[in-house]
Each structure stands twice: as C-alpha cells, then as structure tokens.
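So the structure is just underneath, and the comments pick up after that.
Residue indices begin at 1 and follow the sequence shown. Every number for a ligand or one of its atoms is a count from 1 in the order of the listing.
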Amino acid sequence: MMGVCSNSIHLLFHLLLLLGCLHLETIKPTSGNEDRNVGCAEKDRKALLEFKEDLNDSSGWLSSWVGEDCCSWRGVGCIKKTGRVMKLDLRNSLCNNEEGYNGVSYERPCLSGKINPSLLHLEHLNYLDLSMNNFKGISIPDFIGSLENLKYLNLSNAYFAGKIPPHLGNLSRLHYLDLHGQSYSGDFSRIYADNLKWLSGLSSLKYLDMGDVNLSQVGADWLQSFNMLPPSLSELHLPACRLDSLPLSLPFVNFSSLLVLDLSHNLFQSSMPLWLFNISSSLANLHLSNNYLSGSIPDAFADMTSLQELDLSYNDEMGGEIPRTLGTLCNLKRLDLSKNRITGEITKFVNSLSGCTNSSLEMLDLGINQLSGYLPDSIGHLKKLRFLRLNRNSFWGSIPTSIGSLSFLKELDLSVNHMNGTIPKSVGQLSELVFLDLSYNSWEGIISEVHFLNLMRLKEIDISLTSPMKSLIFNARNDWIPPFSLKSIWTDNVQMSPSFPAWLQTQKELNEISLNNVGISDTIPDWFWKLHDIRYLDLSNNKIRGRLPTWMNFSNAEEVQLSSNLFSGPIPVNIGQIMPRLIDLELVGNTLNGKIPYSIGEIKGLTVLCLSNNNLTGRIPSSMGSLRSLGVVLLNNNNLDGELPSSLRNCTELNAIDLGENRFSGMVPKWIGESWLSLSILRLHSNLFSGNIPRRLCQLSNLHILDLANNSLSGFVPQCLGNLTALVSGVSNGYALDNKHIHVNAKGQELEYSSSRIFLVESIDLSSNNLTGEIPEEIMSLLKLGTLNLSINSLTGKIPEKIGNLKMLETLDLSFNQLSGLIPQSLSSLSFLSHLNLSHNNLSGEIPSGNQLQTLNDASIYEGNPALCGPPLVAKCPGYEASQGPSSIGDDGENKDGQLDGSEMLWFYASMALGFIVGFWGVCGTLLIKKTWRHAYYRFLDDMKDRLFVVLAMNVAPVHFKRKM
Ligand SMILES: *[C@@H]1O[C@H](CO)[C@@H](O)[C@H](O)[C@H]1NC(C)=O
Ligand SMILES: *[C@@H]1O[C@H](CO)[C@@H](O)[C@H](O)[C@H]1NC(C)=O
Ligand SMILES: *[C@@H]1O[C@H](CO)[C@@H](O)[C@H](O)[C@H]1NC(C)=O
Ligand SMILES: *[C@@H]1O[C@H](CO)[C@@H](O)[C@H](O)[C@H]1NC(C)=O
C-alpha cells in the first residue's frame, strides 16, 4: 500500500487539479516505456483482457489493447516499478450521447456492454474513469465498492441506470466521486438513490457530484446525509436531483472546507435559509439557480445581522470606515440565484457585499427573479466582478455612475427591467466589456460616442427600448470610428440619425443587426447589401426607400425583416440564389410590386413568408410547393390572382395562411382539408372564391380561425363544421406572435390595437357570401367559439335554440339574412356577448331580455325585422304596458349616437381582454416556430418546442428571440 502512495504523486497532482474544479478531458496514460520499464504485470494484463471481452467496442476505441505490455494500452496507467495497473481512464469524450438519443442510431464511438468483475484483480487500481460512454441503462456494478484502493471514481454521463449500490460506501480512500447522470436519459430511467447512509463511509471524500441523480426518494433529511461527509469535502454538486425541501436550519454544519455548493435545478420552494450563506467561510461558488426560491435576499441578511452584529445600514457615501463584514460572503466568487422567485430590493445585500475589504465576487447572477428598486451605487465596490446579470427583474432608475470602476467587467445584462433613468458615460470605461445588454427598459437621454470610449472588446450590444416612443437618442457622427468590432447590434426603438448609420461599415464581423424603428429615412448604401456574414437583419419600421437589388449578397441570412418601410420595385427574381438560407422573410407593408419570384422555391428552409400589404401581382408560383418547412404564409392585401397551385399540398407543415384581400379565384381547394392538417388559421377573406365550402375543411382538427368571408361562395353552411375539434376543446397548438399591431374587423370597421394580453381567438367568419339554407344545429357544439359571423348571406330558417351553448361567444352577427321565427331566449345567457347584430332578417315576436342582453340595448341590433317587438325597439308587443316604454326607450334613443362610441369602446376593451377575430395581420412579426428556431428562448414556452403555440402575444414581455442562455 505504501508503494502505491509513494508512486502516485503524479496521480495526486491530477487529483489536486480536479479538486480545483477542472475537468481534465484527457489524462495522458502513464505509459511504462520510460527508462526502467518492467512491463505490465501478467495478472493485470489478463484482467484487462477479460474486462475488454465483455465490452462492446464497435468503434475500436480499445484496439491498442493487444500485445504484452498492457501499460502502453490506451487509457492504462501503471506503477513503473512494479508494472501493476493503477489507473484506467476510459473517459470517452467522442461518445456523443446527447445527440441521437431519441432513436437516431448511427455508430458513435461509445463503449457499452458489461463491466466484468475481473477489475477486482487490479489490486492497485486507484483511478477508474468510465465516464462519457453508453452503458445503455445497466446498473452500476456492486463490485466497484470492493475496489478498495480507489481514490478517483468517475462514472458520469455513461448511461448507467437503476439504484446506486450502497457498496460504494466501502470506498473509504475515495477522494473524488462523480456519479453525474445524463440530463437526457432517453429510454433509460435515471440513476437514483433511496437512502444515503452509505455516504458516511466515504471518509476521505473531497469532491462529490451526484447531479441528475434522482434523489426524490431519500427523504427530507437528505442534507443531514451529506453533512455526514468528512470536513475535507470541498465540492458538492447536486444539481437536478429532484430535491424538493431545503431545511431551514442545520443542527451542526460540517462543511468547513466547502468551496463549491451546487443545488441548482431542484424543486426548492422555500425562502433562502441562512445556513446557506453561513455554511463555510471558504465557500466560493454557490449555485441555487433554477429553483422556486422565494422571499427576499435582504430578509436573509437581516437575520444574519442579528447573529453577527453586522451593520447593514452601511452607506457607501460615508466613506472611510468599512464595517465588519460577513467573512462568508467576502470569499464568494460566484453567486448564482437566477431563475427563482426572489423578491424585494438588493440595496442592503450589495452594500454588505461591497463592505468586504476585498470582495472576491466575480460573478453575480440574479437574473429572472422578481427583484425591484434602484441599483445601489455600492455596486461599484465589487471590483472583481466579471459577470453581472440582473436581467428580467423589475429594477428601475439609472445605472449608477460607479459602474465605471468595474474594470474587469465582461458581461453586463440589465435587460428586461423597468430602468427609466439615463445610461451614465462611465459605461464607456469598461474596457473589458464584451457583452452589453440593456434592452427592454425605458432608458432616457442620449447615448453617444463617449459611452463607448474604451469598449475595445465589445462584441454584442443591445440597447433596444421597450416602447416605440424612442425615449433614448443614439448620437454618433457618420464618420465615427468605434473602438470595437461588433458581431451583434440591437437598437430597436432608439432614435438614430435619419441617414443610414455609415459607421456600421467599420464593423466587419457583424452577423446580427436589428435597427427596428430607429428613424432611418434614407436609402441603403451599396456596401450594406453585401454583408454576406449577416444572419439576422431587422430594419422594419423605418422610412427606408429604394429597390431590393438583385446583386445583394445575404448568402448566410436566416432572417430578413424589412417590413413597414418604403421599399419599391419587385422582389429580386433571383432571391433563391441571393438568400438561400432564409428561414424567415418579412417584407410586409412596403410598395413592392411584380410577381412572387419562382426562385423562392429554392429556399428550402423557409418557414415564415410574410409579404402582406404590398402590390404584388400574378399567381402564387407553383415552386412554393417545394418549401416543405413552411409554417406561416401571409400574402394578404396584395393584387395576387389565379387559383391556388395544387403543389401547395406539399406544404404539410403549414400552420397559418392568410391570402385575404387579393383576387384569388376558383373553388376553395378540397385538398386543403387533406394536406394542411396542422392548419390553425385559414383566412381567404375578400377574394373571388366561388363554389361550395368543401366538407373536407372539417377535417382540420387544429383550426382556430376560419375566415372565408367576402367571397362568392354558395350552397349550404356545412353541418360538419360542428366537427372542428379545436373549436370544441380550445387551444391545441399555435404560435407566439411578437406582433405590435393586430387589425380587427368589427362591424365593418377596422380597429388596430396592441395589447399586453395574450389572447386566444376562436372564430368562424363566412359573412358576405351567397350561402343558403339553415344555420346548422351542429355549429352549436363548438363550445369555444368566440366569434360567429354569418351575416350578409341568404340563410333561412330559425336561429338554433341551442345558441346558448356557445358560452364563450363574444360576437354574433347574423344580420342581412332571411332568418325567421323567434329569437331564442337562451341568447340572454351568453355572458361574454358584447357584439350582437340580428338586423335585417325576418325575425318575429318579442325580443328576449335579461342578463347579458340587458347591456346590449341598442335598437340597431334588431332593426330591419318588421315583426320584432319590445325594447329596445320602439314597436310594442301586444300587451306591452305603455307607461314603462317610451321614456326609457327615448333615453336610449337620445344617447344612441354618444353611446355607440361607448359600447364600441366597451366591446373593444372586452375584446382586448378576451380575444377576438383577427382581421388581418398588419405586421407579420416574429413567430416562434419549431425547433429550427435558434433563439427560441421563452421560459413558459419551453415545453412546447415542436408545437406552434398560437397565442397572439402582442408586446408581451418582450419576445426577444435571439441568443444567449
Ligand atoms: C422611474 O420609475 C420609478 C418607479 O415607477 C419612479 O418612481 C421614478 O420617478 C421614475 N424615474 C424617472 C426618471 O422617470
Ligand atoms: C398596383 O399595381 C397595379 C397594377 O400594376 C397598379 O395599377 C396600381 O396603381 C398599383 N397600386 C399601387 C397602390 O401602387
Ligand atoms: C409534391 O410532392 C409530390 C409527391 O411527393 C411530387 O411529385 C411533386 O413534385 C411535389 N411538388 C413540388 C412542387 O415539390
Ligand atoms: C362528425 O364526426 C362524427 C364522429 O367522428 C361522425 O360520426 C359524423 O359523421 C361527423 N359529422 C359530419 C357532419 O361529418
């Protein structure tokens, strides 16, 4: 044994490195072919061969395991003097488990198979690493607990499953134990433990990682078990262990040498207990991100002060004396509390941190919480800070000027807060800054060249504002030569100069440019069209004029958004060649003319195509049928004509299509109901379609919006519309639209509004056609329907008695038909009904009253039905008592004009809250679509990756689809 120890200095050296939190990807095997090489011990050679025998090594990873000298085999290390194997390092970083875990089976160089107990013959083995292989869900063998000389054991990310053998508790010499599971375990269950008593046998342990091991069964005293580990423990990693209770106190704390504690990605819901901050004076890294921790940080500290007599009222401006500080906190290097539910202000907390004589803090991540208040000036005392992330909270005010003293700062993220002050010039002193994100705030004042004075290393900047009001002005001379070379610039809603920013030409590495609504009123200079590294470009909402040149070179562009400008002329005929990688093309609201180029069919990855509100002519090119990824097509409000090409049947991924306000003609194709099975929005409003409504449309089980209004359709309203299941059960899938404006058709008027509400739209609009026959009873089973508009047709028969089933109905328009009979009393039970029009029919009898109908006492709802009687009409029903009538009706009549506006507004607000028919989509907006979207980060949409979730999320907490995390 002594021999092993004296000969393992090399190994110990590695251990020390590892204890310093380094992952050594490759540890060179100590091969024995130096001077006094005695070759490998025959006993060990045999054991290794036996071990290899049971492994499946299809890629030949162990092909060097032949011949006599096992000490020279891959991954084998020996004690030189004796030739005994002391190390087996089969960590296999080429084995890419995560990719292809879901069924894609191509050969990767992973070891699999069984682990032969012959390893027990390697009596001197003290280092065993089988990590990053794929053992396909076998258990960790019990016998590993008998390898009593092990100091280093790494079984992480190797697709072991089942229970961790308690036998591992026999490894009393173990320093390093890594059992980290894999986050995507695919077909295999996770590794788990149901008790942790065995941990107490690991009396030499310094490093323990049990990340992704399911510890949900170990009980609430899990922490006590870890607390039994020896005081030598310096790192404890327990992320994603499904732990749900964080004890509020610990009777004793054994973690006196702990440097790193990682409890992130668990299920803790309590407030942050004090012992966490008090756990060890050496604690340098504390990770608590991705839990559900609540309460405020100062709460924790307030308690701590009483324990330690710390003065938290320390005020930076007092200068001079620095109060006694929390030794614990002064040693912290990395504190990650992000993605929790922490509330309150951070002033006291930062004050106490900055009170350290020599704060070590390098990373402070409080992002994605519910913190508020000012950023304290004392933040400038955290001199070693490199990463400061306060994004997605509710902070307000300015950035303290003292920020300029953070001379090591690399990353500053204040995005998505309520910051409403100015950005200090001192930001320009942050000479190490690489990443600056101040976006989605309400900054005021001016940002100028001075703000960038020393930002030599800056690569990404985002100063986009939340509101389109442009409260921040970006002032830079056209001949400015910035000190940086950016990859990414976002300045949405910031006022820039009316001329195109010429200084951008100095930026040679740009691949993301977003200058949406920045007040540019100019043409685009030639050099700009040739930025072939651009991947993301958004110049929407400016006044940029000129044509889109055929010689442009956006050969790497994935998203190009030039909507709401003054671009004219045709879409380049060669678009398929100049932008072959497009995923998203948005040219809405310009004055483009000419045809949709045939070459568009060459952009195979195209997912979103928005060309609405232009003056495009001609037919839809049949080549579009080869765009298999198309999810959204908005071509409304152009001059397109002809029939829909049948090749579009191939676009089976289509979720939303708006062809409204064109001159398309022919029958509504039957194949729509067979091929576009994912369709949730079908809008053909205001075209020249004729013939019957095809029954097959009823097969669109995801349909939420069906708008065939204002065409020349004839025949019956299909009964089978009652089978549109999405309209029965509500949301099944959809989109998140980052729309700024939605246009709504109502009462022939068009309203434009933006809303911070997410709302759902469920509607059928077949108005202004030549439909005949009765309103099918079956439609009354569409329980989620919000809008039913069948007006301006030739429908006959009665209003179905069961109309009262449509509990979600907000708008019902049956005007200008030939409906007859009584108005069903059940109408009065529709409590969301805010827009009703039954005028110009042959309805008769007394108008029902009560409940919701009470609020809709507008005579114009019922006018043009000579046989109707009772309020709000003037005509009295037989037996109606004259004394009650005229005066109240008169009042209503008098107010009518004034009230129309009022009720219109009422309706308008109700719609904002509850949703309404989308008339047409003024702005295409960025859509969240499928996995292909590289930056689809949106916490609450996380789980819907391959579904489109249609929620018209306008101005919702900024959908900022780019980058990071
Ligand atoms: C910023 O917002 C806060 C909180 O709403 C408010 O009290 C403060 O006056 C605002 N400051 C400025 C400069 O608008
Ligand atoms: C649209 O194009 C048509 C035919 O090319 C033309 O007559 C019309 O004036 C154009 N409309 C606008 C608004 O430019
Ligand atoms: C549509 O798919 C069919 C069958 O797969 C194929 O024959 C046809 O060429 C496709 N059309 C286009 C335009 O890609
Ligand atoms: C609606 O669906 C049901 C059950 O799938 C079916 O029996 C019925 O025929 C359908 N109705 C119509 C009108 O297609």
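For atom 9 (O) of ligand 1, the closest heavy atom belonging to the protein is N420 ND2, 4.8 Å. Looking only at protein heavy atoms, the nearest one to atom 7 (O) of ligand 1 is W396 CZ3, 4.2 Å.
Note that the CG atom of L366 and the CD1 atom of I297 stand 5.0 Å from one another [nearest 0.5 Å].
Among all heavy-atom pairs drawn from K425 and V450, the shortest one is CD-CG1, 3.8 Å.
Inside a 4.0 Å radius of atom 5 (O) of ligand 1 there is not any protein heavy atom. Counting protein heavy atoms under 4.0 angstrom from atom 2 (O) of ligand 1 gives one or more.
Using a 30° and 60° split on the angle between ring planes, F474 and W503 fall in the parallel class, below 30°.
In F387, the CZ atom is crowded: over 12 heavy atoms of neighbouring residues, nucleotides or ligands sit closer than 6.0 Å.
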